[in-house]
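Note that the coordinates shown come from a computational prediction; the quantities given were computed from them, not determined experimentally. Just so it is clear: chains get the letters A, B, ... in the order the sequence lines come, proteins before strands, and each one is counted from 1.
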Amino acid sequence: MKDEQAICYTCENENCFIKKHLHLEQMKQYVQKKHSFVCKKSQQFIIEGAPIQGLYFICKGKVKTVKTGINGREQIVRLTKNGDTVGFRGFGTSKRYLIGAYALEDTVLCNFSNETMMEILQNVPEFTYALMLFYADELNKSENNIRKIAHMNVRERVIDLLLYIHRKFGQINGLIEIELSRKEIADFAGTTEEQVIRVLSSLKKEELIKTVGKRIGILAIPKLQSEIIEHKYF
DNA sequence: GCATTAATTGGTC
DNA sequence: GACCAATTAATGC
């Protein structure tokens, strides 16, 4: 428990739900009750089916949340970074986590217990309202994802993912600022490692992307966008 | 440096 | 488009 590095007042995640409502007097007492800790790269901190232990906020780092299928195949449900929240599904309704969560790199997490969350939700309407908007938005995204997996072919799904992580995590020195294994890309796109590699190889041949180790850089955003544009009716 | 793990390619069903 | 096998690259210890 290294609390020093995760005090909300000095936190720079302006989009964090807690940080956003920190100006409210009531929030101050709740912030004191949170627990911060570091989750090492590729370590799991939420186990599917385990009892819910509150809500996690990512202070610094990146996290993937997954759902496991019957045959051991994983489906990556969500990729999250600084200021995002993890483990909110089934909150209040379910006693157990419906998803698993892994750190994609060394990640500082802030945890609020069930009790603290309940108190906040019941006593800070501004927070509850913001969270509701967030839920609505997430639901919309997840419905879009269902549609994508249903209607897009593998190549389109991989392209869609590349554009997504490019938008979400940004690109530095021509490389997308996140490290995902080919397997993880496959888990997200709902296909296999080999398929992903084949799509990446052909995209590379077409000079639409480049790869350095497991890192990927996008070279021709508009061209990639045009390939999946028919699936995007916002 | 060796051993394990991940990436890649080619082939079969 | 999934699964398997062989080779090569990368990474951990």
Side-chain angles (χ1 to χ4, degrees), chain A residues 2 37-48 58 60-82 86 99-109 141-221 223-232:
Chain A
K2 296 182 214 162
F37 63 99
V38 177
C39 185
K40 289 275 187 193
K41 180 176 179 175
S42 73
Q43 290 281 306
Q44 186 172 18
F45 63 93
I46 296 180
I47 297 168
E48 213 171 334
I58 302 170
K60 187 173 183 307
K62 297 183 181 73
V63 168
K64 66 168 178 180
T65 58
V66 303
K67 254 186 187 300
T68 338
I70 330 151
N71 42 7
R73 289 266 295 264
E74 285 183 342
Q75 172 71 46
I76 296 187
V77 181
R78 220 163 143 250
L79 291 171
T80 43
K81 59 169 183 170
N82 296 7
V86 182
I99 46 94
Y102 298 80
L104 292 171
E105 55 190 55
D106 290 0
T107 297
V108 182
L109 294 159
K141 281 186 201 163
S142 120
E143 284 170 351
N144 279 337
N145 274 332
I146 294 171
R147 193 192 65 210
K148 277 177 194 165
I149 289 195
H151 295 324
M152 293 171 115
N153 61 35
V154 173
R155 181 182 162 105
E156 290 168 334
R157 293 205 297 267
V158 172
I159 290 176
D160 188 65
L161 167 76
L162 291 177
L163 290 172
Y164 170 69
I165 58 175
H166 177 269
R167 192 176 67 233
K168 173 137 189 167
F169 299 100
Q171 193 158 257
I172 297 178
N173 297 329
L175 293 173
I176 298 174
E177 198 51 25
I178 186 174
E179 241 181 59
L180 287 175
S181 70
R182 306 288 127 115
K183 176 80 173 57
E184 284 166 331
I185 296 175
D187 288 341
F188 201 100
T191 177
T192 58
E193 198 177 354
E194 295 92 327
Q195 288 285 320
V196 168
I197 287 167
R198 293 197 160 97
V199 172
L200 291 180
S201 300
S202 50
L203 289 176
K204 208 159 43 170
K205 269 200 194 105
E206 296 165 45
E207 299 191 333
L208 299 174
I209 64 164
K210 66 171 177 177
T211 60
V212 179
K214 54 166 55 171
R215 293 263 177 158
I216 299 170
I218 296 188
L219 301 174
I221 295 173
K223 211 154 185 191
L224 290 173
Q225 279 172 338
S226 67
E227 276 205 43
I228 58 167
I229 197 78
E230 52 191 304
H231 295 282
K232 303 241 170 195

Exercise. Do you know the tightest heavy-atom contact between A/Cys39 and A/Leu109?
Worked result: CB-CD1, 3.7 Å
Problem set entry | Side chain to side chain, A/Ile216 and A/Lys210, heavy atoms closer than 4.5 Å | no
Problem set entry | Earlier contact from the 5' end, DNA chain B, for A/Arg198 and A/Glu193 | A/Glu193
Exercise. Going by number, which of residues 168-189 of chain A have a non-hydrogen atom under 4.0 Å from DNA chain B?
Worked result: A/Ser181, A/Arg182
Exercise. Where each residue is assigned the nucleotide of DNA chain C containing its nearest heavy atom, which of A/Asn153 and A/Glu194 is assigned the position nearer the 5′ end?
Worked result: A/Asn153
For this session: For A/Glu179, check side chain to side chain contact (heavy atoms under 4.5 Å, CB included) against everything at least two apart and list the hits.
Result: A/Lys41, A/Lys214, A/Arg215
Atom pairs and distances, side-chain donor-acceptor, residues 186-199 of chain A, under 3.5 Å, sequence neighbours left out:
{"residue": "A/Asp187", "atom": "OD1", "partner": "A/Lys183", "partner atom": "NZ", "Å": "3.0"}
{"residue": "A/Asp187", "atom": "OD2", "partner": "A/Lys183", "partner atom": "NZ", "Å": "3.2"}

Problem set entry | Contacts of type side-chain hydrogen bond (donor to acceptor under 3.5 Å, both in side chains), residue A/Gln225, not counting sequence neighbours | none
Exercise. Contact class for A/Arg155 vs. all strands (heavy atom < 4.0 Å): base, sugar-phosphate, or nothing?
Worked result: nothing
Problem set entry | A/Glu206 CD to A/Ser201 OG distance, which is reported to the nearest 0.5 Å | 11.0 Å
For this session: Report the residues that fulfil side-chain hydrogen bond (donor to acceptor under 3.5 Å, both in side chains) with A/Glu48, sequence neighbours left out, ordered by chain and then residue number.
Result: A/Thr68
Problem set entry | Residues in ring pair (Phe, Tyr, Trp, His ring centres under 6.0 Å) contact with A/Phe45, at least two apart in sequence or another chain | A/Tyr56
Problem set entry | Sidechain-backbone polar pair: A/Ser226 side chain, A/Leu224 backbone, donor-acceptor under 3.5 Å | no
Exercise. Going 5' to 3' on DNA chain C, which nucleotide is the first and which the last to come under 4.0 Å of a heavy atom in chain A?
Worked result: C/dG1 to C/dC4
Problem set entry | Those residues that, when tested against A/Arg182, pass salt bridge (Lys or Arg N to Asp or Glu O under 4.0 Å) (two or more places apart) | none
Problem set entry | Which nucleotides of DNA chain B pair, in dot-bracket form (Watson-Crick or G-U under 3.5 Å, | meaning another strand) | |||||||||||||
Problem set entry | Approximate separation, where rounding is to 0.5 Å, of A/Lys141 NZ and A/Arg78 CZ | 7.0 Å
Can you give me every donor-acceptor pair (side chain of residues 158-175 of chain A, partner residue at least two apart or in another chain, under 3.5 Å) with its distance?
{"residue": "A/Asp160", "atom": "OD1", "partner": "A/Lys232", "partner atom": "NZ", "Å": "3.2"}
{"residue": "A/Asp160", "atom": "OD2", "partner": "A/Lys148", "partner atom": "NZ", "Å": "3.1"}
{"residue": "A/Lys168", "atom": "NZ", "partner": "A/Leu79", "partner atom": "O", "Å": "3.2"}
{"residue": "A/Lys168", "atom": "NZ", "partner": "A/Asp84", "partner atom": "OD2", "Å": "3.2"}
{"residue": "A/Gln171", "atom": "OE1", "partner": "A/Ile218", "partner atom": "N", "Å": "2.8"}
{"residue": "A/Gln171", "atom": "NE2", "partner": "A/Ile218", "partner atom": "O", "Å": "3.3"}

Seminar exercise, completed: DNA chain B: first to last nucleotide in contact with chain A (atom under 4.0 angstrom from a heavy atom), 5' to 3', is B/dA7 to B/dG11
Problem set entry | Residue list, side chain to side chain contact (heavy atoms under 4.5 Å, CB included) with A/Lys205, at least two apart or on another chain | none
Exercise. How do A/Thr191 and A/Gly213 order along DNA chain C: which one's closest nucleotide is nearer the 5' end?
Worked result: A/Thr191
